[in-house]
Amino acid sequence: MAALYDFDTAIDRRGTWCVQWDGVADRFGVDGLLPFTISDMDFATAPEVLAALRARLDHGVFGYTTWQQDDFRSAVAHWYATRYGTEIDTGQLVYGPSVLNQLSQLLQMWTGQGDGVVVHTPTYDGFRKAITGLGRELRGVPVGDEEALVRELARPDAKVLVLCSPHNPTGRVWTGAELTRMAELAERYGVAVVSDEIHADFVHEGHVHVPWTRVAGEGRWALISSGSKAFNFPALTGSYGLIGDPADRAEYLRRMETAEGLASPAVLSLTAHIAAYREGGPWLDAVRAYVAGNLGHVAERLSADLPELGWEPPQAGYLAWIDLRAAGVDDAELQRVLVERERVAIMGGAVYGAPGFVRLNVGCPREKVERGVEALIRAVKAVRSSPSGV
């Protein structure tokens, strides 16, 4: 299957206004670094998506658009039925410009100033910004620590559990039993759940994603997602959600259409989603297999040169979350060597509240992955052998 698609040939993204390549100096202070940073891929999207976009462009008229039509709704339903064996209620569907925008709207609906919002740590920095930017209090619980989760959900001012499923940055895929337990706890303590499932389509072999709709109880909940992560078209904008309670759903739509003035979605986003969900499955399977090979290469190289790390590939995604604490290197010095000597940009774990880790994006051709992991290995060895990295 993978032979049908070329993921080895590099596509020059410089000069296309992309954050990963053209905006690297904004985060790292230096231009020209080889980036392994923000979570988009260096691959062109599925040919079926490109063909649908070209056909829509050829039409030439780009007036106001509605997402509330059967082509879009049935495509989402088809995707959940064929990929997850899950029947969704398309009457619960809503639309938004991004998952973070949807999260912001839901937090404003379900929380007030100073209320607690529970998240798993380490935490995707977009969650942190959305929660604290609205004046809510972020309450972190370590991934897998149920005692801490119970304690935080039980606090009287805890209003929302923001779940990343699968989890970013660790790549953890929650089991059905874990999700059912979270749903039970949320309902017991009257905490609403927002499940961000944008990474769900990149679950690797041996693991199964369970949509929140399959475990949701009687409490407030929303599932938010987008095809943009798996099919690599975030620049088109666009996301969708499922909101359980009819009154909450009506309030969300009111906010989007009146208060936010976002009644008309981006037509190319709708076009891309429909094509991806109807025809893009083979491409996604191929790119996921290629990325799994990239992750396997990272594991092989780290095992050979830094065996004390004991690193294994994540259960989902194309982000290699690497625990470097066993190597005993200083975060700031490691970043200095990576940038100044190796000329690569790799996200430090402190961004996600986890010093001692790095997040390496391997959604790219194998040759680039090889350059990145070799640079990381050299930098770790340099810092470990000399505190100054020289």
Side-chain angles (χ1 to χ4, degrees), residues 1-9 11 13 18 39-59 65 67 69-88 90 93 95-99 165-166 173 196-205 207-209 211 213 223-242 265-295 316-319 361-365:
M1 183 177 293
L4 296 174
Y5 309 100
D6 178 11
F7 301 120
D8 286 317
T9 301
I11 298 173
R13 299 182 66 193
C18 69
S39 59
D40 65 9
M41 297 186 286
D42 288 333
F43 307 128
T45 190
E48 296 81 2
V49 173
L50 290 173
L53 292 172
R54 292 187 183 105
R56 185 62 184 86
L57 288 172
D58 286 343
H59 182 268
T65 307
W67 62 270
Q69 32 82 10
D70 186 62
D71 286 344
F72 175 70
R73 285 173 162 158
S74 65
V76 176
H78 170 78
W79 189 250
Y80 277 75
T82 56
R83 304 301 285 197
Y84 306 118
T86 298
E87 183 178 346
I88 64 168
T90 57
L93 274 171
Y95 194 85
S98 70
V99 292
S165 180
V173 176
D196 175 356
E197 303 187 9
I198 197 171
H199 292 275
D201 295 328
F202 246 92
V203 170
H204 296 300
E205 188 174 352
H207 304 279
V208 177
H209 172 70
T213 56
L223 183 163
I224 55 178
S225 191
S226 173
S228 64
K229 188 68 63 178
F231 289 92
N232 206 39
F233 51 72
L236 299 180
T237 72
S239 65
Y240 59 87
L242 295 158
V267 67
L268 294 184
S269 175
L270 293 176
T271 302
H273 272 89
I274 293 167
Y277 284 177
R278 285 291 184 183
E279 306 173 67
W283 179 89
L284 178 61
D285 292 338
V287 76
R288 194 173 56 204
Y290 187 89
V291 164
N294 284 350
L295 291 166
Y318 49 80
L319 305 169
N361 183 342
V362 300
C364 55

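Since we're looking at a predicted model, the values are computed, not measured.
- In plain terms, the two heavy atoms of S74 and D71 that are nearest each other are OG-O, 3.4 Å.
- For D42, the side chain to side chain donor-acceptor pair (under 3.5 Å) partners are R13, W21, K368, not counting sequence neighbours.
- With hydrogens and angles disregarded, a donor-acceptor distance shorter than 3.5 Å links the side chain of K229 to the backbone of S39.
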Considering only distance and modelled atom types, tabulate donor-acceptor pairs under 3.5 Å from the side chains of residues 48-57, sequence neighbours left out.
from, atom 1, to, atom 2, distance (Å)
R56, NH1, H59, ND1, 3.4
R56, NH1, V61, O, 3.0
R56, NH2, V61, O, 3.0

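- To the nearest 0.5 Å, atoms CD1 (I88) and CG (L242) are separated by 5.0 Å.
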Go through it in stages, so that I can follow the logic: the residues are H273 and F233, the test is ring-ring contact (aromatic ring centres under 6.0 Å, His included), and I'd like the CA-CA distance, side-chain angles, deciding distance and then a yes or no.
CA-CA 9 Å; H273 272 89; F233 51 72; 5.2 Å; yes
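- Across every non-hydrogen atom of H199 and P166, the tightest pair is C-CD, 3.5 Å.
- Note: L93 CG to R73 CZ = 6.5 Å, rounded to the nearest 0.5 Å.
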Going through the distances and angles, do R288 and Y318 end up as a side-chain contact (heavy atoms from CB on, under 4.5 Å)?
CA-CA 8 Å; R288 194 173 56 204; Y318 49 80; over 6 Å; no
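- Minimum interatomic distance between D6 and D8 (heavy atoms only, all atoms of both residues): OD1-N, 3.0 Å.
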Y5 vs Y290, ring-ring contact (aromatic ring centres under 6.0 Å, His included): CA-CA, chis, key distance, verdict
CA-CA 10 Å; Y5 309 100; Y290 187 89; over 10 Å; no
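- More than 12 heavy atoms of other residues, nucleotides or ligands lie within 6.0 Å of CD in Q69, so this atom counts as buried by the packing criterion.
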Just do the side-chain contact (heavy atoms from CB on, under 4.5 Å) check on I198 and S228 with the steps written out, would you?
CA-CA 8 Å; I198 197 171; S228 64; 4.0 Å; yes
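- Between W283 and F7, the ring-plane angle classifies as perpendicular under the 30° and 60° cut-offs.
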Is there a side-chain contact (heavy atoms from CB on, under 4.5 Å) between I224 and S239? Walk through the geometry before answering.
CA-CA 7 Å; I224 55 178; S239 65; over 6 Å; no
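- Atom CG of D70 is separated from atom CD1 of I274 by 9.5 Å, given to the nearest 0.5 angstrom.
- Here the shortest heavy-atom pairing between G238 and S226 reads O-OG, 2.9 Å.
- The two residues P211 and E197 have their closest heavy-atom pair at CA-OE1, 3.4 Å.
- Side-chain contact between H204 and V291 is present, with heavy atoms from C-beta onward closer than 4.5 Å.
- When all heavy atoms are compared, the tightest approach of A266 to L236 is CB-O, 3.8 Å.
- Evaluation of the salt bridge (charged side-chain N to carboxylate O under 4.0 Å, His left out) rule for R83 yields D285 as partners, not counting sequence neighbours.
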Stepwise side-chain contact (heavy atoms from CB on, under 4.5 Å) check, Y95 with F72:
CA-CA 10 Å; Y95 194 85; F72 175 70; 3.9 Å; yes
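- The OH atom of Y80 sits 13.0 Å away from atom OG1 of T90, with the distance rounded to the nearest 0.5 Å.
- Taking the six-membered ring for Trp and thresholds of 30 and 60 degrees, Y277 and F231 have ring planes more than 60 degrees apart, a perpendicular arrangement.
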Determine, stepwise, if the pair Y84 / D201 fulfils side chain to side chain donor-acceptor pair (under 3.5 Å).
CA-CA 9 Å; Y84 306 118; D201 295 328; 2.3 Å; yes
